[in-house]
Engineer: 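Right, I'll just put the structure down here and ask away after.
Heavy-atom basis, side chains included; hydrogens, waters and symmetry copies ignored. Residue numbering restarts at 1 for every chain, and letters A, B, ... go by the order of the sequence lines.
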Amino acid sequence: MENVYIPFSSRILEIKQHTDIDYTFKMEYRGEVKPGQFFEVSIPKYGEAPISVCEIGDGYVALTIRRVGVVTNEIHNMKVGDRLFMRGPYGNGFDIDIYKGKEIIVAAGGTGLAPVKGIVDYFASHPEEAKSFNVLMGFKSPKDILFRESIENWSKTIQTTLTVDRADEGYTGNTGLITNYVKTVEIENADEAQVIVVGPPIMMKFTVQEFINRGIKEENIWVSYERKMCCGVGKCGHCKIDDTYICLDGPVFNFTQAKHLVD
Amino acid sequence: MLDINTKQLKKNAFRITKERGKTAVRIRVPGGNMHVKFFSVIQEIAEKYGNGTVHITTRQGFEIPGIDMKNMPDINKMLQPIIDGLEINQEAPGCGYPASGTRNISACVGNAYCPYGNYNTGELAKKIEKAVFPHDRHVKIAVTGCPNDCIKARMQDFGIIGMTEPQYDPYRCVGCQACVKNCKKRATGALKFENFKVVRDHSKCIGCGECVIKCPTGAWTRSEEKYYKLVIMGRTGKKNPRIAQDFIKWADEESVIKIILNTYEYIEEYIDKEAYQGKEHIGYIVDRTGYQEFKKWALKDVNLGPKAEVAQTINW
Amino acid sequence: MGFRMDVERFDELLTELQKNYRIYAPVLLKGKGRYSETDTIRYAEINSIKDVVFDKKSVFSPKEVILPITQTLFYFTEDNVIEPKVDEKNILIFLRSCDIHAVKRLDEIYLRNRFADSYYAALRTKVKFVLMECEKSFENCFCVSMGSNRTDEYDLFVRLEDGKVYVESKNETFDGLFKDEENAEVSPKFVLENETVVKIPENLDQRVFKSKMWDEYDERCIACGRCNFVCGTCACFTMQDIFYKDNPNAGERRRVWASCMVDGFTDMAGGHSFRKKYGERMRFKVMHKVYDFNKRFGYHMCVGCGRCDDICPEYISFANAVNKLNDAMKEVE
Ligand SMILES: Cc1cc2nc3c(=O)[nH]c(=O)nc-3n(C[C@H](O)[C@H](O)[C@H](O)COP(=O)(O)OP(=O)(O)OC[C@H]3O[C@@H](n4cnc5c(N)ncnc54)[C@H](O)[C@@H]3O)c2cc1C
Ligand code: SF4
Ligand code: SF4
Ligand code: SF4
Ligand code: SF4
Ligand code: SF4
Ligand code: FES
């Protein structure tokens with residue numbers, strides 16, 4: 001029987017620093033993987049951490065990792081050529097086919113941009129496959145902005161709105177909570193538009209509510225959940241909410257289902 | 001006409017009271033636990049010879065006041081079933097208690113039903129009583145089940161505090177840290193969480209057994225051996241009241257009893273022969289001779305176990 | 001097939017079995033209870049049927065035999081990952097009907113639920129069950145309410161009565177072993193009623209989250225997790241990576257039992273956690289046992305062994321909490 005806990009080792013191909021605490025690691029990887037799925041990334045003797053794939057490319061996946069504790073600290077000490085252990089990919093991920101040909105709005109808060117970046121990447125390079133594509137991104141402050149280069153590239157083919165909660169005087173970009181931009185974002189056909197919301201729990205709650213206020217149907221809203229995970233394979237029980245294992249049945253949920261996920 | 005030898009009277013566990021001609025009798029209950037059938041004896045004495053009341057003493061005895069001194073022989077006869085029932089050493093039946101200097105050995109409820117109790121305090125109290133009583137020297141001994149010290153063993157000449165040496169099975173430990181947090185909050189912070197398992201600092205551990213009680217998986221259990229902490233020379237009183245200090249940690253029962261017995265020899269050697277009424281409280285003797293001399297006498301021929309730790313010096 | 005033999009003979013056969021099996025049963029551990037001079041009953045290997053405690057319920061369930069409390073997943077060396085060797089011997093477990101039902105729940109999670117867990121499977125496939133009969137219901141048992149009072153999924157049934165051992169074999173693996181023993185009619189008796197009766201409301205659903213019934217547990221529960229650790233059906237674990245102090249280049253990844261009642265179960269980076277209130281944790285546990293496991297797998301998780309009620313230091317009755325759901329549903333409807 002296959003041992004699902006045994007990780008494979010993967011070489012770090014490239015490291016990109018976005019902020020003091022957010023780095024993207026391009027990892028050697030060949031195999032099926034979808035945006036929104038995650039890997040259990042580990043450094044032996046330190047532990048494992050579930051990390052979403054944020055970019056999928058030929059022979060690699062990119063992982064954007066925020067330094068918050070034991071494992072992520074240690075990962076941030078690694079250099080190009082070093083190896084990380086990984087297992088996965090786990091979870092359902094986003095099903096791109098659902099969104100094709102539709103009006104699509106993505107609202108991402110902070111590191112929540114990582115799990116949806118794959119989708120944005122896809123439609124930014126295939127803009128003709130969506131009726132329209134608008135990505136709203138909120139960060140705490142200008143220094144927390146992730147993926148600046150990508151955002152610049154995206155803006156050439158799709159609509160992007162970048163805002164920060166607060167900024168020093170002189171900042172020329174947008175400021176204010178992402179929900180304010182949801183209020184004014186252009187929605188052509190609220191009945192059919194597809195919306196993806198990912199971010200911290202509070203941000204998701206209010207952003208989804210705002211979209212519902214704008215007339216978006218619940219069944220057209222998609223969210224991605226983050227919970228404590230130990231196994232990623234439906235065994236350890238940490239991620240379970242009601243009868244749903246976030247690691248198996250999620251982390252991406254349609255809002256009609258997500259609204260029943262009461263911890 | 002009353003012609004009473006008050007020294008004899010006091011030795012016989014009666015006392016001189018405020019009211020001339022009236023006495024009170026003290027009943028010792030080693031370990032503070034006895035069958036309720038003896039209540040009827042106490043009741044009968046109090047109703048027939050006393051004033052109908054009984055005082056419950058701090059040392060866990062009963063004191064029946066309001067007794068005419070002339071009735072002492074009758075009282076002693078009536079006490080016989082209690083003295084027999086509690087297996088008190090006696091010189092001649094029907095003559096009451098042969099001494100009162102060494103006080104009743106008091107005890108908290110111990111492991112009879114207290115969850116914190118680390119041993120059977122009642123049994124140990126009786127064992128010590130058997131070993132030391134009767135004796136005229138004024139020595140106070142109390143035994144308590146755990147460092148909560150509900151019996152106030154630290155107010156005694158000898159306080160015996162129950163200890164267990166917690167045994168850790170890392171396999172059963174799930175790392176909930178209930179033991180670590182609790183030891184820090186309620187005991188001494190002897191536990192540390194390291195590399196996902198618990199490490200106990202034996203030098204800080206007071207053997208209270210809280211960790212055993214708190215552990216949800218039974219990773220901590222009690223040692224087969226029971227250990228005792230012997231604290232000494234605490235006292236109340238007019239001169240220099242103070243709390244007893246740690247003498248020996250992780251001692252065994254046999255050694256504890258032997259040390260107490262040795263102490264009587266030390267008292268005979270060093271008691272102030274000029275002292276008022278020939279009485280000198282052991283604590284003051286130790287103050288005079290110094291701890292080292294006491295220690296030498298107390299530990300004579302005592303075979304302490306390998307775990308025992310004897311205090312180098314004590315500063316009360 | 002049934003057999004009868006005396007204790008000495010049975011023990012001889014047990015020794016014979018030990019060549020291929022490790023034999024686990026509930027045993028009395030003297031002085032190993034929580035309090036001074038108290039004993040406890042837990043699972044351990046036995047060498048004689050006389051070691052088996054038949055007349056009392058074990059404090060911990062037999063699950064620890066197949067789901068060890070601490071289990072090494074693999075060892076790390078400089079750049080290698082090495083799985084620990086699995087003991088070659090098979091496993092015999094003496095256990096009761098409810099416990100056999102409980103193992104089925106563990107199987108559901110560990111062998112199915114999308115992925116199979118190879119560590120669990122490695123032990124589980126070695127296991128054969130020796131049924132122990134419950135002469136009468138123990139305190140707090142409600143197996144009848146949960147339908148786990150009877151089973152025919154055992155390999156052997158063993159009864160010790162008046163110095164004789166009665167054995168029923170339902171697995172031909174053991175036919176050879178007992179073939180020379182005296183034949184006898186042997187079949188287990190099952191408990192048909194318990195003093196504790198539990199009724200799960202038929203209309204139970206998430207609306208009950210809003211009931212006030214959970215509030216009292218905020219105060220009463222101390223979040224110690226005993227109720228989960230003794231439970232034969234609680235399956236949760238946490239992973240730990242450790243390094244060896246004497247060789248920091250080597251270490252291991254292991255898992256240990258976890259409890260949804262204990263702090264830390266939902267802790268995420270950044271200090272966020274869910275179900276901070278103990279009443280919410282109680283709700284989560286109760287609902288897992290008698291609602292959402294059923295929703296996912298089609299039968300209830302709880303088997304009614306009553307161990308959670310036996311162990312709770314705060315005298316919280318899980319069974320009573322389940323019964324309270326009936327009024328709670330009326331409250332929220
Ligand atoms: C599906 C999913 C996708 C994620 N994707 C990303 C991502 O793309 N980028 C990113 O930076 N982070 C992501 N996270 C969060 C990331 O897993 C945690 O930040 C990481 O586990 C922290 O590990 P640590 O060892 O550095 O911190 P620790 O020192 O272990 O822990 C710090 C805190 O994090 C908690 N924690 C430990 N393990 C987990 C865990 N497995 N899940 C959640 N919290 C945990 C601890 O309980 C503690 O409170 C994701 C989490 C999930 C569940
Ligand atoms: S016995 Fe008491 S002092 Fe010692 S480790 Fe346990 S809780 Fe701490
Ligand atoms: S209480 Fe028990 S299980 Fe929890 S950390 Fe301490 S020893 Fe381990
Ligand atoms: S219900 Fe009882 S056993 Fe369970 S966590 Fe609460 S106090 Fe502990
Ligand atoms: S929840 Fe309680 S009664 Fe039910 S299986 Fe678990 S321990 Fe037994
Ligand atoms: S009740 Fe809690 S500990 Fe038990 S299986 Fe469910 S989630 Fe896990
Ligand atoms: S992460 Fe272990 S069950 Fe989901």
Engineer: So how far is it from D263(C) CG to R275(C) CZ, rounded to the nearest 0.5 Å?
Structural biologist: 12.0 Å
Engineer: Where on I242(C) is there a heavy atom nearer than 4.5 Å to chain A: the side chain, the backbone, both, or neither?
Structural biologist: backbone
Engineer: F293(C) versus chain A, heavy atoms under 4.5 Å apart: side chain, backbone, both or neither?
Structural biologist: neither
Engineer: Write out, in numerical order, the residues from residues 27-55 of chain A with a heavy atom short of 4.5 Å from a heavy atom in chain C.
Structural biologist: S42(A), I43(A), P44(A), K45(A), Y46(A), G47(A), E48(A)
Engineer: In Å and rounded to the nearest 0.5 Å, what is the CE to SG distance from M261(C) to C236(C)?
Structural biologist: 12.5 Å
Engineer: Can a donor-acceptor pair be found, under 3.5 Å and without considering hydrogens, that links the side chain of E280(C) to the backbone of K276(C)?
Structural biologist: yes
Engineer: Tell me, for F8(A) versus chain C, whether the close heavy atoms (under 4.5 Å) come from the side chain, the backbone, both or neither.
Structural biologist: neither
Engineer: Can you name the salt bridge (Lys or Arg N to Asp or Glu O under 4.0 Å) partners of D97(A), sequence neighbours left out?
Structural biologist: K100(A)
Engineer: According to the interplanar angle, ranging from 0 to 90°, do the rings of H288(C) and F284(C) count as parallel (below 30°), tilted (30 to 60°) or perpendicular (above 60°)?
Structural biologist: tilted
Engineer: Would you say R105(C)'s side chain and H101(C)'s backbone share a donor-acceptor pair under 3.5 angstrom?
Structural biologist: yes
Engineer: Are there residues of residues 253-261 of chain A that reach to under 4.5 Å of chain C by heavy atoms, and which ones?
Structural biologist: H260(A)
Engineer: May I ask you to name which of S9(A), G237(A), C231(A), P201(A) has the most heavy-atom pairs under 4.5 Å with chain C?
Structural biologist: G237(A)
Engineer: Measure from NZ or CZ of K324(C) to the centre of the six-membered ring of W214(C) and say whether it is under 6.0 Å with the direction within 45° of the ring axis.
Structural biologist: no
Engineer: Is it the case that R253(C) places NZ or CZ above or below the six-membered ring of F74(C), under 6.0 angstrom from the centre and within 45 degrees of the axis?
Structural biologist: no
Engineer: Between Q240(C) and chain A, which part of the residue has a heavy atom less than 4.5 Å away: side chain, backbone, both or neither?
Structural biologist: neither
Engineer: Could you check whether K277(C) pairs with E219(C) (Lys NZ or Arg NE/NH1/NH2 to Asp/Glu carboxylate O, under 4.0 Å)?
Structural biologist: no
Engineer: With a 4.5 angstrom heavy-atom cut-off, could you sort out which part of N294(C) is near chain A: side chain, backbone, both or neither?
Structural biologist: neither
Engineer: Using atom types as modelled, flag every donor-acceptor pair under 3.5 Å from a side chain in residues 120-127 of chain C to any protein atom, sequence neighbours excluded.
Structural biologist:
from	atom 1	to	atom 2	distance (Å)
Y120(C)	OH	D107(C)	N	3.4
Y120(C)	OH	D107(C)	OD1	2.6
R124(C)	NE	D107(C)	OD1	2.8
R124(C)	NE	D107(C)	OD2	3.1
R124(C)	NH2	D107(C)	OD2	3.0
T125(C)	OG1	A121(C)	O	2.9
T125(C)	OG1	A122(C)	O	3.3
K126(C)	NZ	D87(C)	O	3.0
K126(C)	NZ	E88(C)	O	3.2
K126(C)	NZ	K89(C)	O	3.4

Engineer: So which part of F76(C) gets closer than 4.5 Å to some heavy atom of chain A, the side chain, the backbone, both or neither?
Structural biologist: side chain
Engineer: Side chain, backbone, both or neither: which part of M239(C) has a non-hydrogen atom closer than 4.5 Å to chain A?
Structural biologist: both
Engineer: Between chain C and each of M1(A), K240(A), E2(A), E226(A), count heavy-atom pairs under 4.5 Å; write down the option with the most.
Structural biologist: K240(A)
Engineer: Please determine, by modelled atom types, if E108(C) and Y299(C) share a side-chain donor-acceptor pair under 3.5 angstrom.
Structural biologist: yes
Engineer: With no hydrogens and no angle check, do the side chains of E252(C) and Y244(C) hold a donor and an acceptor under 3.5 Å apart?
Structural biologist: yes
Engineer: Could you tell me which portion of R254(C) (side chain, backbone, both or neither) has an atom closer than 4.5 angstrom to a non-hydrogen atom of chain A?
Structural biologist: neither
Engineer: Hey, do the aromatic rings of H18(A) and Y23(A) have their centres closer than 6.0 Å?
Structural biologist: no
Engineer: Please classify the contact of Y245(A) with chain C as side chain, backbone, both or neither, using a heavy-atom distance under 4.5 Å.
Structural biologist: both
Engineer: Is a side-chain N or O of Y110(C) found less than 3.5 angstrom from the main chain of A235(C), in a donor-acceptor match?
Structural biologist: yes
Engineer: Distance-only, no hydrogens or angles: does the D117(C) side chain make a donor-acceptor pair with backbone N or O of Y119(C) under 3.5 Å?
Structural biologist: yes
Engineer: Side chain, backbone, both or neither: which part of A258(C) has an atom under 4.5 Å from a heavy atom of chain A?
Structural biologist: side chain
Engineer: Report the option among C230(A), P7(A), G234(A), P200(A) that has the most heavy-atom pairs separated by less than 4.5 Å from atoms of chain C.
Structural biologist: C230(A)
Engineer: Where does D267(C) contact chain A at under 4.5 Å (heavy atoms): side chain, backbone, both or neither?
Structural biologist: backbone
